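Just so we're clear, the structure is a prediction, and the values are computed from it rather than from any experiment. Order of the sequence lines sets the chain letters (A, B, ...), proteins ahead of strands, with each chain counted from 1.
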Amino acid sequence: MPELPEVETTRRGIEPHIKGQTVAKVSIRCPKLRWPIPKSLYKNLPGKTILAVERRAKYLLVRFEHGTLMMHLGMTGSMRISPATRQWKKHDHFALTFTNKKQLRLHDPRKFGSVLWYRGTDEKQKLLAKLGPEPLTDNFDADYLYNKSKKRTATIKQHIMNNHVVVGVGNIYASESLFMSGIHPTRAAGKVSKARMSTLVDNIKIILQRSIEQGGTTLRDFLNENGEPGYFAQQLNVYDRAGEQCVDCNRIIKSVVLGQRSTFYCPGCQR
DNA sequence: ATCGCCTCCTGCGCGC
DNA sequence: TGCGCGCAGGAGGCGA
């Protein structure tokens, strides 16, 4: 399940191979992703050159002079660079073939991903307009999160997973960052002190940054013919560890469902 | 404005 | 070993 570090790793992995390349052909094998892949891409992209590959939240933004190709990996999406002659694999839904005979492919078994197109600024793109700050920028700090949480009754875990509050904190890292911060996931967001909120902000940044750095070692996998990009084995302290002992206090890790999402915590370490 | 539930889809794990 | 069932999960949409 791509979290923000995997999306950033994907961006860094594909950028050197597609930036400056000119699209020769668009292939839509299965348009039924989260939203239909727009057919307008067939006429919009051929002959056009990629100017930049950027990221906002978990969206990859491929910039052209006349618009932006916006892609999301959903839960199971992955991208890779391959020769244009390589045969299609099951669940390869979308591809751009470039004039240098290389291809960018989107592979997504569960089809929760998306491929969209928009012209104009990001601010006018509906899905991007209301997003909160990037977690690794200075805009996301203790003052911001504390003020944003005042009077909020939602649990702190759901709060930090809310894209209007801060983007890119997925289910795994939400549990992990709360464990690192000693904050119980069911605590109301508005009831977390500023000091503890500051710790939480620091830990979210540390966890995401560390994961992005680990991803750096897998960048060459975007060119491999076989298998998926390796991504990285996470060092997880609580996620998916219900029933096991806490690494800090030896009490038993518990799980609870919040907002339809499994949540893991240590009843000894988190208050 | 905010909250909570629903939905999309497929592979996997579990029980038998 | 094989089969069938139920569930996980990102995040927008919607109703309250």
Nearest to the A/His91 side chain among B/dG11, B/dT2, B/dC8, which nucleotide is it? B/dG11
Base-pairing assignment for C/dT1 (Watson-Crick or G-U wobble, both under 3.5 Å): none
Between A/Leu127 and A/Val7, is there shared hydrophobic-cluster membership here, with clusters defined by ILVMFWY side-chain heavy atoms closer than 4.5 Å? no
Take a 6.0 Å sphere around CG of A/Asn250 and say whether it holds more than 12 heavy atoms from other residues, nucleotides or ligands. yes
Does C/dG10 have OP1 or OP2 under 4.0 Å away from a side-chain N or O of A/Lys58? no
Distance only, no hydrogens: is a donor on one side chain within 3.5 Å (strictly under) of an acceptor on the other, for A/Tyr265 and A/Thr186? no
Can you check the A/Asn162 CG to B/dC3 P distance for me, whole Å? 8 Å
Can you measure A/His159 atom NE2 to B/dC3 atom C1' for me and round it to whole angstrom units? 13 Å
Under 3.5 Å, is there a donor on one side chain and an acceptor on the other for A/Asp92 and A/His107? yes
To the nearest Å, give me how far apart CG (A/Leu116) and C1' (B/dC8) are. 15 Å
Whichever of A/Ser262 and A/Tyr59 has the more 5' nearest nucleotide on DNA chain C, that residue is A/Ser262
Closer than 4.0 Å, any side-chain N/O of A/Thr153 to the OP1 or OP2 of B/dC3? yes
Rounded to whole Å, CD of A/Gln260 lies from C1' of C/dG12 at a distance of 14 Å
Do any N or O atoms from the side chain of A/Thr137 and from the backbone of A/Glu134 form a donor-acceptor pair under 3.5 angstrom? yes
Nearest to the A/Lys111 side chain among B/dT10, C/dG12, C/dG10, which nucleotide is it? B/dT10
Between A/Asn163 (CG) and B/dC3 (P), how many Å, whole number? 14 Å
Tell me which nucleotide among B/dC8, C/dA11, C/dG13 gets nearest to the side chain of A/Phe112. B/dC8
Is the base of C/dA11 touched by the side chain of A/Arg34 through a donor-acceptor pair closer than 3.5 angstrom? yes
Winner on side-chain proximity to A/His72, out of C/dG12, C/dG10, C/dG9, is C/dG10
Nearest-Å distance for atom pair CG/P, residues A/Asn171 and C/dC7: 17 Å
Could you tell me the separation between the NZ atom of A/Lys89 and the P atom of B/dT10, rounded to a whole number of Å? 17 Å
OP1, OP2 of C/dG9 versus side-chain N and O of A/Tyr239: anything below 4.0 Å? yes
Return whichever of A/Arg110 or A/Leu127 has its heavy-atom-nearest nucleotide of DNA chain C closer to the 5' end. A/Arg110
Roughly, in whole Å, what's the span from NZ in A/Lys151 to C1' in B/dA1? 13 Å
